[in-house]
Amino acid sequence: MADEVVLLDTWVSMFGMRVRVALAEKGVNYDYKEQDLKNKSPLLLEMNPIHKKIPVLIHNGRPICESSIIVQYIDEVWNDQSPFMPSDPYDRAQARFWVDFSDKKIYETWKKMWLSEGEEHEAGKKELISIFKQLEDALGDKIFYGGDSFGFLDIGLIPFSCWFYTFETYGNFKMEAECPKLMAWVKRCFQRKAVSNTLPDDKKVYDFVLAMEKILKNK
């Protein structure tokens, strides 16, 4: 019997993009169900009753939640393709650490900067740039975070790149100037069809954020 794979997600989610990139890398066919997070579907509430968030991967009727956990699950289930996780236990631990770091830091820091002004805005901007510099240091001179191979940490981080234009515009800085090695890594990632065919246009993300800002300011 063929696998039945369903993904509950929303197009602009950098966390959901991870799952889509991972599925594309493994060549897994799936049914995509776009979710309205302002009006959550009964299926989403049923499949993720604890957090009620996307993304949720439903594999043969069974849900898997949390993007980094889903990516590891995909790697283990569809293991006939190149593995995402490093073979060395220490390297696996490091990859998990940096994905967890990005999960806890990037989006929350961006939110601090987004609708703030003055000193708070500048502090958020400096913190966001500092986070990306730390991630650049972790990359070092490697081709990918996984060394020569595109892997778990690359999948975990590359979705944030389609938000860079938004970060830059609101923060009045340039990622190319601040983190040139990181931006060179982004370009290498985009040579992969799983990335370039999955991630949305950065201007589309920016337009979405502008629309959200208007809604929040009119409340």
Side-chain angles (χ1 to χ4, degrees), residues 7-22 34-38 40 44 48 50-57 64-72 94-117 120-139 145 152-175 178-179 182-183 185-186 189-190 195 198-217 219:
L7 178 61
L8 310 183
D9 194 10
T10 186
W11 71 270
V12 77
S13 168
M14 63 241 334
F15 303 106
M17 290 176 210
R18 286 176 176 169
V19 179
R20 283 174 264 153
V21 169
E34 178 75 15
Q35 300 296 299
D36 178 359
L37 299 185
K38 296 187 294 294
K40 296 178 181 179
L44 175 59
N48 190 0
I50 305 299
H51 296 303
K52 304 176 177 63
K53 294 179 178 179
I54 52 88
V56 179
L57 185 77
I64 305 95
C65 306
E66 300 297 311
S67 63
S68 63
I69 294 172
I70 297 171
V71 172
Q72 291 177 74
Q94 289 300 300
R96 291 187 180 110
F97 170 85
W98 285 112
V99 168
D100 182 66
F101 172 86
S102 67
D103 284 355
K104 291 175 178 174
K105 291 284 189 176
I106 297 175
Y107 189 70
E108 290 305 314
T109 304
W110 146 248
K111 285 200 298 184
K112 287 181 194 174
M113 184 184 80
W114 180 23
L115 299 177
S116 62
E117 296 178 354
E120 185 182 354
H121 181 82
E122 282 302 306
K125 167 186 168 179
K126 287 179 182 177
E127 185 180 351
L128 190 62
I129 292 171
S130 173
I131 290 166
F132 287 120
K133 284 184 180 293
Q134 288 175 287
L135 289 168
E136 184 175 61
D137 288 344
L139 175 64
Y145 281 94
F152 177 69
L153 183 48
D154 302 287
I155 292 169
L157 296 181
I158 193 59
F160 291 101
S161 69
C162 65
W163 279 73
F164 283 178
Y165 176 77
T166 299
F167 298 161
E168 291 173 330
T169 304
Y170 276 88
N172 192 26
F173 67 93
K174 289 293 181 184
M175 286 291 295
E178 298 289 348
C179 301
L182 191 67
M183 293 307 294
W185 164 80
V186 169
C189 289
F190 266 84
V195 174
T198 299
L199 269 57
D201 180 77
D202 54 4
K203 307 298 191 301
K204 184 180 178 184
V205 172
Y206 177 67
D207 289 342
F208 169 84
V209 173
L210 281 179
M212 285 299 298
E213 181 179 350
K214 289 177 181 177
I215 291 170
L216 289 172
K217 286 185 174 179
K219 279 188 175 180

Q: For residues Glu66 and Asp103, determine if any side-chain heavy atom of one lies less than 4.5 Å from a side-chain heavy atom of the other.
A: no
Q. Between CG of Leu7 and CD of Glu34, what distance do you get to the nearest 0.5 Å?
A. 9.5 Å
Q: Go through the steps to decide whether Asp9 and Val19 satisfy the test side chain to side chain contact (heavy atoms under 4.5 Å, CB included), and finish with yes or no.
A: CA-CA 9 Å; Asp9 194 10; Val19 179; 5.8 Å; no
Q.
Return the NZ to OG1 distance between Lys38 and Thr10, rounded to the nearest 0.5 Å.
A. 8.5 Å
List, one per line, each side-chain donor-acceptor pair under 3.5 Å for residues 152-167, sequence neighbours excluded.
unit_1	atom_1	unit_2	atom_2	d
Asp154	OD1	Tyr145	N	2.8
Asp154	OD1	Trp185	NE1	2.8
Asp154	OD2	Tyr145	N	3.4
Asp154	OD2	Gly146	N	3.2
Asp154	OD2	Gly151	N	2.9
Ser161	OG	Ile158	O	2.7
Trp163	NE1	Val12	O	3.3

**Q.** Interatomic distance, His121 atom NE2 to Trp114 atom CH2 [nearest 0.5 angstrom]
**A.** 13.0 Å
Acceptor/donor pairs from residues 198-209 side chains to any protein atom, 3.5 angstrom cut, sequence neighbours excluded:
unit_1	atom_1	unit_2	atom_2	d
Thr198	OG1	Ala194	O	2.6
Asp201	OD2	Lys203	N	2.9
Asp201	OD2	Lys204	N	3.4

Q: State, with a plain yes or no, whether a side-chain heavy atom of Phe132 is found less than 4.5 Å away from one of Glu178.
A: no
Q) From Ile54 CD1 over to Leu44 CG, what is the distance, rounded to the nearest 0.5 angstrom? A) 8.0 Å
Q: For the pair Gln35 (side chain) and Leu8 (backbone), establish whether a donor and an acceptor sit closer than 3.5 Å, ignoring hydrogens and angles.
A: no
Q.
Listing request: all salt bridge (charged side-chain N to carboxylate O under 4.0 Å, His left out) pairs with a residue in residues 122-131, at least two apart in sequence or in separate chains.
A. Lys112-Glu127
**Q.** Heavy-atom closest contact (Ser68 atom, Val99 atom, distance)
**A.** CB-CG1, 3.9 Å
**Q.** Full working for side chain to side chain contact (heavy atoms under 4.5 Å, CB included) between Lys105 and Gln134
**A.** CA-CA 11 Å; Lys105 291 284 189 176; Gln134 288 175 287; over 6 Å; no
Q: Find the distance between CD1 (Ile129) and CE (Met175) and round it off to the nearest 0.5 Å.
A: 8.5 Å
**Q.** Ile106 versus Leu128, closest heavy-atom pair with distance
**A.** O-CD1, 3.8 Å
Q.
If you compare all heavy atoms of Phe15 against all heavy atoms of Ser67, which two are closest, and at what distance to 0.1 Å?
A. O-CB, 3.4 Å
Q) Between Ser13 and Arg20, which heavy-atom pair has the shortest distance, and what is it? A) O-NH2, 3.7 Å
Q. In this structure, are over 12 heavy atoms from other groups packed under 6.0 Å from Asp36 atom CG?
A. yes
Q: Identify the heavy atoms of Phe173 and Glu168 that sit nearest to each other, and give their distance.
A: O-CB, 3.1 Å
Q: Take Asn48 and Lys40 through the side chain to side chain contact (heavy atoms under 4.5 Å, CB included) test and state the conclusion after the steps.
A: CA-CA 11 Å; Asn48 190 0; Lys40 296 178 181 179; over 6 Å; no
(Q) Check Asp100 with Arg96, please: is the shortest side-chain N to carboxylate O separation under 4.0 Å? (A) no
Q. How about Lys133: does its NZ atom have over 12 heavy atoms from other parts shown lying under 6.0 Å from it?
A. yes
Q. Do Lys111 and Glu108 meet the salt-bridge criterion of a basic N to acidic O distance under 4.0 Å?
A. yes
Q. Do Trp110 and Met14 come close enough that some side-chain heavy atom pair is under 4.5 Å?
A. no
